[in-house]
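To find a chain, count down the sequence lines: A is the first, B the second, and so on, and within it residues start at 1.
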Amino acid sequence: MTSWLPEDISTYGHGIDHTIRVIYYIVGAWFVLTEAVLFYFIIRYRKRKTTTATYQPGTTFKALAWILLPAALILVFDLGIDLVQGPVWNEIKIYLPTADQTVRIKGRQFVWEITHPGADGKLETPDDIQILNQLVVPVHKKIQFELQSEDVLHSLWIPNLRLKQDAVPGRTIKGWFEATKEGIYPLACAELCGSGHGTMKGQLQVLNETDYQNWLKENRSLEVGRVE
Amino acid sequence: MAIIGGYLAYLFRYQLAFPNEPVPGYGLVGPDQYNSFVTMHGTIMVFWVAMPILLSGFGNFLLPLMIGAGDMAFPRLNMTSYWVFFLSTVVLLLSFFVPGGSFSGGWTIYPPLSASPGYTGVIWGGHLWILAVALEFTSMLMGGINFLTTTVAMRAKGMGLFRLPIFVWMINIASILFMFSVGPLIAGAFMLLADRLFDVGFYLPASGGDPLLFQHLFWFFGHPEVYVLLLPALGIIAEIFPVFSRKPLFGYRTIIYSTLVAGLLSFIVWAHHQFISGIDPRLAAPFSVTTILISVPFAITLFAFIATLWRGSIRLTTSMLFALGMLAEFLVGGVTGIFNGSTAADIYIHDTLFVVAHFHYTLFPVTFIATFAGIYYWYPKMFGRFMNETWGKVHFWITIIGFNAVFLPMFAFGLAGHQRRIFDPTLFDYLQPYQYLHVIATVGLIVMLAGQIPFIINFFASLSRGKVVDRNPWLANTLEWLAPSPPGHGNFDQEPVVQRGPYEYSHPLLKERDWISQGEL
């Protein structure tokens, strides 16, 4: 089942994939077992001339054990799932690591306006590079993002990074990721934002350090402080 | 309304499989129409099909019969509730024909998209949507009050609370859940209307509001609402299982207690819809724990149903097939919910077609499969005739096969990263390799919709051609089978006096037959 997942190129993606896999095996086993029992009972206890049904109201504790014990096991597995997923969630959403670099991503009907820090590595300086629908980051760097929206709800969705976060107007939501592989990956909007929602797409470009520096130089025309 | 909802599904499903080709029977579907169809499909199916059929339809007919009452406690309130519902339907359907078209902001109507007509271009469609839903909820609220009063005040002599059929319990618990959850939503909807009409700004950050406030209000209602639909459906199959396996319902009291626990839990799980919505991430952990925990009481209930089959004598009538089908398919919805309830997995799964698959595996068995089970089972009581069993089985198999063909592929789609509510998946390169799954799903949907034709014909043809039955054709114990088929005014010839619980099948003291009515001395 997990073979459907796209290639994971982030440092924390395996945590999410692992959680999905753990849940899959646990609920998969339950599901198969329960359906098997259900179908077995249907076939085994079909009405026959010779058989009569047994009176079994399930009122005694001993009889109820047949359903309460499996349910207790489910409780144990539920808590197990909580234990597996908790640290993954903490790593991704709660504790922000020290950032090597910060980018600002702003959603607007129906584009992503992305501000990269320029050569100085800082936002809010004249050499920031502003560009639509293109998120360009160096590989193996902790990138912090500040997510905003200008109008309605959007949701930043980069499947290969296992990254999804809603953009809410009036708020700046911080998050992070670290890409581990160079390449070009899809970026989309996952929250209905109007008629163009299905066309609101972009690209994540992961470059090595040299290519990234070259990219900065080549795109100096996009610097916000630049006056031609 | 179910036909309209199904037709809308066909329109946007076809568009997904063959983007930008005219849909046979309609024409081209643009992005605006696509959003509007998706919105109205969700609205209609949840609020105008599932709720009225399961709660009002079955509830109004069965609840008085099952507790041995002549009628509902407040017949006039019942009538008012019906006409308010009728009015709400008119208002909703009207929204298709006003300038700008029907609402297109998603059935969850998240602001700011829904709060300012400027974002969608839909003005009247949005106002009418909110008005229609508010009217519909008012009608349901009146119905709920009536159910509770009737159950409390009008039970036949001897009908103690623990002799009530599970269906009656479920309808009442569902009504209570609805009552406690709907208030915040109605308030939230009127605040939204104020934003739309007068630019008040409850949800608009520019005016000091917050879009997330609406999400909290919506899901505080929205999650219990799932159980408002689920419980009557479980109630229906709880009535059918014992009759066709000739056994008492296993763990009758345990089912009631675990349902009450699940009902309570349903009020503290709402934020699992908001893990990545921008709420403080620290909030996610407790909500994830409560969400996953809710699997325990429902597991108990489902296991109890399965245990009811053990060492029974099972007859696979059409209604029993549908009841078993409901259980088998609902299990898929149940276990896949764990993925959404888990914070870490939800980061990836949220807002993908995986979620769409999950909730259709929960709500389709609830809304349709259980309803069909109920219709085939109580049809003789309603009309005094049987429905044709052979056509019923044809209907069952086409529905089940079609349904799985539509929604199984969506799990794979979701994992591949297919986000929801995009009208043309071919615009995204990474979804191209899976486009064939959309074709499979669309074919499945057409098969499933066509499969309802035998049902509709069977339903109407059996009104005059079905085999005539007496009062108790299935040899069942509950009180409704004591009344004439169909029940006349006042339901019973004489007021029944209840002697025992509703599921005393195959009791060792019974000789010659394996059943004994609740009202028999």
Side-chain angles (χ1 to χ4, degrees), chain A residues 4-6 15-16 19-20 23 27 30-31 34-35 37-38 41-42 45-47 51-58 64 66-67 70-71 74-75 78 81-82 85-86 88-89 93-94 152-153 155 157 159 162 164-166 168-171 173 186 188 190-195 197-199 201, chain B residues 31-32 35 106 110 112-113 119-120 205 211 246-248 250-251 254 276-278 281-282 284-285 289 292-293 295-296 299-300 303-304 306-307 309-315 328 331 335 338-339 342-345 347-348 350-351 412 415-417 419 421-424 427-428 430 506-508:
Chain A
W4 289 93
L5 292 165
I16 290 180
T19 311
I20 291 178
I23 299 175
V27 302
W30 272 116
F31 176 73
T34 315
E35 295 277 358
V37 171
L38 176 65
F41 281 2
I42 296 172
Y45 299 111
R46 280 289 294 280
K47 182 184 160 69
T51 54
T52 44
T54 322
Y55 182 78
Q56 247 153 7
L64 283 171
W66 284 101
I67 59 175
I74 287 189
L75 181 65
D78 282 354
I81 291 171
D82 287 325
Q85 65 169 356
V88 181
W89 174 261
K93 295 283 185 189
I94 295 190
V152 299
L153 299 173
S155 188
W157 174 219
R162 308 289 187 265
K164 192 183 288 125
Q165 177 62 55
D166 284 7
V168 182
R171 293 183 184 217
I173 296 164
E191 184 71 70
L192 180 65
C193 58
S195 62
H197 165 59
T199 57
K201 57 173 193 165
Chain B
D32 278 321
N35 286 345
Y110 280 178
L113 187 65
Y119 292 129
T120 50
R246 312 311 294 168
K247 280 192 61 198
F250 190 88
T254 315
I276 56 156
S277 72
R282 286 171 299 178
V289 172
I292 297 184
L293 217 56
S295 63
V296 175
I300 293 178
F303 290 157
I306 295 176
L309 301 174
W310 184 49
R311 299 177 72 179
S313 174
I314 300 168
R315 268 188 298 159
L331 261 171
V335 298
I338 305 282
F339 291 91
S342 146
T343 48
I347 297 174
Y348 188 82
H350 193 80
D351 272 329
L415 290 172
Q419 67 273 37
R421 293 164 165 166
I422 55 169
F423 76 104
D424 183 357
L427 290 177
F428 292 86
Y430 69 103
S506 305
H507 195 280

Residue among B:A412, B:P508, B:G106, B:P31 with most heavy-atom pairs under 4.5 Å to chain A:
B:A412
Kindly indicate whether the side chain of B:F339, heavy atoms from C-beta on, has any atom under 4.5 Å from the side chain of A:V27.
yes
Test item: B:R421 and A:E191 side chains (from C-beta on) under 4.5 Å apart, heavy atoms
yes
Tell me, side chain or backbone of A:R162 under 4.5 Å from chain B's heavy atoms, or both, or neither?
both
Answer yes or no: are there more than 12 heavy-atom neighbours, outside B:R282 itself, under 6.0 Å from its atom CZ?
no
Do the non-hydrogen side-chain atoms of B:F303 and A:I74 ever get within less than 4.5 Å of each other?
yes
Can you find a pair of side-chain heavy atoms, one from A:Q85 and one from B:I292, that are under 4.5 Å apart?
yes
Side chain of A:K201, backbone of B:L427: donor and acceptor closer than 3.5 Å?
yes
From B:F250 atom CZ to A:W66 atom CH2, the distance as rounded to the nearest 0.5 Å:
9.5 Å
Could you walk me through whether A:S155 and B:D351 pass the side-chain hydrogen bond (donor to acceptor under 3.5 Å, both in side chains) check?
CA-CA 9 Å; A:S155 188; B:D351 272 329; 4.9 Å; no
Under 4.5 Å to a heavy atom of chain B? For A:L192 that would be both
Count the heavy-atom pairs under 4.5 Å between each of B:D424, B:T120, B:V296 and chain A, then report the option with the highest count.
B:V296
Heavy-atom donor-acceptor pair, A:K47 side chain to B:S313 backbone, under 3.5 Å
no
Among A:T54, A:L75, A:T199, residue most engaged with chain B (heavy-atom pairs, under 4.5 Å):
A:T54
Over all atoms of both residues, closest heavy-atom pair of A:F31 and B:A328
CE1-O, 4.4 Å
Which one wins on heavy-atom pair count under 4.5 Å against chain B: A:I81, A:V37, A:I42?
A:I42
Under a 4.5 Å heavy-atom cut-off, does chain B meet the side chain of A:I23, its backbone, both or neither?
both
Quick one: of A:I67, A:V168, A:T34, A:V88, who has the most non-hydrogen atom pairs under 4.5 Å with chain B?
A:I67
Of all heavy-atom pairs linking A:Y55 and B:S506, the shortest is CB-O, 3.1 Å
For A:P6 and B:L415 the tightest heavy-atom approach is CD-O, 3.4 Å
Output the option from A:G194, A:G170, A:P57, A:G15 having the highest count of non-hydrogen pairs under 4.5 Å with chain B.
A:P57
Distance check, rounded to the nearest 0.5 Å: A:S195 atom OG versus B:F423 atom CZ?
8.5 Å
Between A:P159 and B:Y430, is there a side-chain heavy-atom distance shorter than 4.5 Å?
yes
Under a 4.5 Å heavy-atom cutoff, which of B:A285, B:A307, B:A284, B:G251 has the most pairs with chain A?
B:G251
At a 4.5 Å cut-off on heavy atoms, which part of B:P112 comes close to chain A: side chain, backbone, both, or neither?
both
Can you tell which of A:L153, A:I173, A:T19 has the highest number of heavy-atom pairs within less than 4.5 Å of chain B?
A:L153
Do you know which two heavy atoms are closest between B:Y348 and A:K164, and how far apart they sit?
O-NZ, 2.7 Å
Ranking B:A299, B:G278, B:S277, B:S295 by heavy-atom pairs under 4.5 Å to chain A gives rank one to B:S277
Going from CD on A:E35 to CD1 on B:I306, what distance comes out if it is rounded to the nearest 0.5 angstrom?
7.5 Å
Side chain, backbone, both or neither: which part of B:T254 has a non-hydrogen atom closer than 4.5 Å to chain A?
side chain
Are the side chains of B:I347 and A:W89 in contact, using a 4.5 Å heavy-atom criterion?
yes
